[in-house]
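Counting convention: from 1, in listed order, for ligands and their atoms alike. Residues: numbered from 1 along the sequence shown.
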Amino acid sequence: MLNFNIQIPTRIRFGRGKIEDLGKEILNYGDKVLLVYGGGSIKRSGLYDQVVQIFQDNGITHVELSGVQPNPRISSVRQGVKLCKKHEVHLVLAVGGGSTIDCAKIIAAGAGYDGDPWDFFTRKAKIKYALPVGTVLTLAATGSEMNPSAVISNDDTKQKLGTGSPVLIPRFSILDPEYSFTVPPTQTAAGTVDIMSHIFEQYFSPTPGTFIQERLAEAMLKTCIHFGPIAIAQPGNYEARANLMWTSSLALNGLLSAGKLTDWATHDIEHEISAIYDVTHGLGLAILIPYWMQYILDEQTAPRLAEYARNVWEIEESEDIIAAQAGIKKTAEFFKSMNLASSLSEIGVESKHLAEIAQRATAKRTLGAFKKLEYQDVLNILQTAYGVVAP
Ligand code: NZQ
Ligand code: ZN
């Protein structure tokens, strides 16, 4: 295990009815809020009315930024920054999924910066200051509710880039699983895959001696495999939604990555795909993960992949390579069982873009840590995932 520092300052208020704490939480920071939300799911569910009522009851004034899109755009961030500066807001409140939260985080950073917020992604500027951010989560997936990261798309440059800073970590997050009852089946499945993918990116690591991190990761993977299908079949199942929601936060809050190198190659490739095609993040990951696992399987990686197969899928096989292959097959079958696509061509990716995606993903660096990937490796994975070459 490597040395590490960890600090997870988000106050989590988890469970039914926890929205009652929203007013008190906001007033810790001031009484002028920018409310950020997406395309209308919170209006349909009634959550919007509840939040606005809480503002009124607590003497909180607010301005709004609505219409944040999945794969949130820098143009929305710019609008939000303008509102913050004009109205001198004290806190940015995101009510929604990862896209809304990520947008809110960069708005909060942009509010204290004189230049264009895209500078945070091109590394022209570093995020040193941000307004406080709070969240009310409605979709279990990204872990953004408890972490320092944000991913934003730029339509002009066709880029989707990430950034992060400790000052972006939400000060509080209200996690009421009932708010995710209305998440549709495909989005529930995509969210489940995203959570699993975050766990994989940290579980598949070259760092030895991290027994505790691995066992925690396996428990989280089993939770997703058990409760993902239940939440799809029974959208109002509180236990399923609660377990998925808490796993989404735990999977990417620093707990699993403490003391080890992490991989992130699949994410890096997926972000290039959704930069061009605007696909749902978890959907792209569901396609890539089994092909990535298959591609990187060799004598060096087999023991960990076999450990995954045995501990998560209960495969009884003593030969590592064979156990690993069985685990990969189970993974692909599980994603398919949630009605997710299993090839890039199915989601409209065109073969003419595969080389460009591979080139962009590897333009600045070698990908991965568990297994390092160069341009040709990424292209090979994309070609099998597309359906050009058999895996
Ligand atoms: O926009 P609305 O109307 O709210 O609808 C959303 C959206 O269409 C809908 N939705 C959310 N909660 C709902 C609901 N529909 C019904 N009932 C509810 N309760 O779901 C759709 C997708 O929402 P989105 O926020 O885009 O999903 P998700 O949470 O999966 O976020 C994806 C974004 O986060 C980034 C992804 O790349 C992508 O841009 N990521 C952020 C990370 C982070 N900050 O740490 C890490 C991740 O790996 C990821 O890259
Ligand atoms: Zn993700």
Side-chain angles (χ1 to χ4, degrees), residues 10 35-48 65-74 76-77 94-106 133 135-154 159-165 168-170 173 175-202 224 231 235-236 241 244-245 248-249 251-254 257 262-275 277-286 288-289:
T10 308
L35 170 63
V36 181
Y37 59 99
S41 72
I42 69 159
K43 288 211 162 159
R44 290 189 294 278
S45 70
L47 177 55
Y48 172 87
L65 177 76
S66 61
V68 174
Q69 293 160 278
N71 297 321
R73 309 299 203 272
I74 193 67
S76 299
V77 172
V95 182
S99 295
T100 298
I101 300 173
D102 285 3
C103 186
K105 286 176 175 175
I106 303 304
V133 174
T135 88
V136 180
L137 184 67
T138 64
L139 197 174
T142 65
S144 188
E145 65 277 9
M146 206 176 176
N147 76 32
S149 311
V151 187
I152 300 289
S153 296
N154 185 328
Q159 284 172 300
K160 177 174 175 177
L161 299 175
T163 190
S165 162
L168 299 182
I169 301 176
S173 282
L175 311 187
D176 181 341
E178 289 191 344
Y179 295 144
S180 62
F181 284 0
T182 50
V183 177
T186 306
Q187 206 69 53
T188 301
T192 302
V193 173
D194 192 23
I195 302 169
M196 291 177 71
S197 165
H198 297 156
I199 304 166
F200 290 144
E201 302 281 20
Q202 301 165 92
C224 294
R241 295 293 192 183
L244 288 174
M245 194 170 261
S248 90
S249 307
L252 199 51
N253 68 355
S257 60
T262 53
D263 195 88
W264 298 104
T266 322
H267 265 73
D268 287 335
I269 301 169
E270 196 290 322
H271 284 172
E272 296 304 336
I273 295 173
S274 44
Y277 289 100
D278 197 19
V279 302
T280 299
H281 175 58
L283 219 71
L285 291 169
L288 291 173
I289 289 166

Distance-minimising heavy-atom pair for [X] and [Y]:
X      : Y      : result
Ala104 : Val133 : O-CG2, 4.2 Å
Cys224 : Ile195 : SG-CG2, 3.6 Å
Thr100 : Gly38  : OG1-N, 3.7 Å
Ser99  : Val68  : O-CG1, 3.8 Å
Pro170 : Lys105 : CD-CE, 3.9 Å
Leu137 : Tyr179 : O-CB, 3.9 Å

For [atom], which protein heavy atom lies nearest, and how many Å away is it?
atom                    : answer
atom 49 (C) of ligand 1 : His281 NE2, 3.4 Å
atom 25 (O) of ligand 1 : Ser99 N, 2.9 Å
atom 22 (C) of ligand 1 : Gln187 NE2, 3.4 Å
atom 17 (N) of ligand 1 : Thr182 OG1, 2.8 Å
atom 15 (N) of ligand 1 : Ser41 CB, 3.6 Å
atom 41 (C) of ligand 1 : Asp102 OD2, 3.1 Å

### Query
Residues two or more places apart in sequence or in another chain: which of them pass side-chain hydrogen bond (donor to acceptor under 3.5 Å, both in side chains) with Ser274?
Lys160, Glu270

### Task
Please list, chain by chain and in numerical order, all residues satisfying side-chain hydrogen bond (donor to acceptor under 3.5 Å, both in side chains) with Thr266, sequence neighbours excluded.
none

Specify side chain, backbone, both or neither for [X], according to which of its non-hydrogen atoms lie closer than 4.0 Å to ligand 1.
X      : value
Tyr179 : backbone
Thr138 : both
Ala141 : side chain

Is the shortest side-chain heavy-atom distance between [X] and [Y] below 4.5 Å?
X      : Y      : answer
Leu161 : Asn154 : no
Leu35  : Tyr48  : yes
Thr138 : Thr182 : no
Glu201 : Thr262 : no
Trp264 : His198 : yes

Atoms of ligand 1 less than 4.0 Å from [X] heavy atoms?
X      : answer
His271 : 37 (O), 50 (O)
Pro70  : 7 (C), 8 (O), 26 (O)
Asn71  : 38 (C), 39 (O)
Thr142 : 28 (P), 29 (O), 30 (O), 31 (O), 32 (C), 34 (O), 40 (N), 41 (C), 42 (C), 45 (O), 46 (C)
His267 : 48 (O)
Gly38  : 1 (O)
Ser149 : 44 (N), 45 (O)
Gly40  : 3 (O)

Yes or no: does [X] have any heavy atom under 4.0 Å from an atom of ligand 1?
X      : result
Pro72  : yes
Ile42  : no
Gly143 : no
Gln69  : no
Lys160 : yes

### From CA spacing to verdict: side chain to side chain contact (heavy atoms under 4.5 Å, CB included), Met146, Ser173
CA-CA 7 Å; Met146 206 176 176; Ser173 282; 5.8 Å; no

### Task
Measure from atom 48 (O) of ligand 1 to every heavy atom in Glu145, Glu201, His198, Arg241 and give the option owning the shortest one.
His198

### Query
Who gets closest to atom 45 (O) of ligand 1 by heavy atom: Ile101, Asn147, Leu139, Thr186?
Asn147

### Summary
With sequence neighbours left out, the residues meeting side chain to side chain contact (heavy atoms under 4.5 Å, CB included) with Ala141 are Leu139, Asp194

### Task
For the pair His281 and His271, evaluate side chain to side chain contact (heavy atoms under 4.5 Å, CB included) and give the outcome as yes or no after the intermediate values.
CA-CA 8 Å; His281 175 58; His271 284 172; 3.5 Å; yes

### Verdict with supporting geometry, Arg241 and Thr188, side chain to side chain contact (heavy atoms under 4.5 Å, CB included)
CA-CA 9 Å; Arg241 295 293 192 183; Thr188 301; 3.2 Å; yes

### Partner of Ser249 by side-chain contact (heavy atoms from CB on, under 4.5 Å), out of Asn147, Thr142, Leu175, Thr10
Leu175

### Query
Heavy atoms of the protein only: does one fall short of 4.0 Å from atom 6 (C) of ligand 1?
no

Looking only at distance, does [X] have an N or O less than 3.5 Å from an N or O of ligand 1?
X      : value
Gly39  : yes
Gly98  : yes
Lys105 : no
Ser180 : no

### Query
Do any protein N, O or S atoms sit under 2.8 Å from the Zn ion (ligand 2), and which ones are they?
Asp194 OD1, His198 NE2, His267 NE2, His281 NE2

### Task
Say whether Asn71 and Ser153, considering side chains only, have a donor N or O and an acceptor N or O under 3.5 Å apart.
no

### Task
For side chain to side chain contact (heavy atoms under 4.5 Å, CB included), just list the numbers for Glu145 and Ser248, CA-CA rounded to whole Å, side-chain angles, deciding distance to a tenth of an Å, and then say yes or no.
CA-CA 9 Å; Glu145 65 277 9; Ser248 90; 2.8 Å; yes

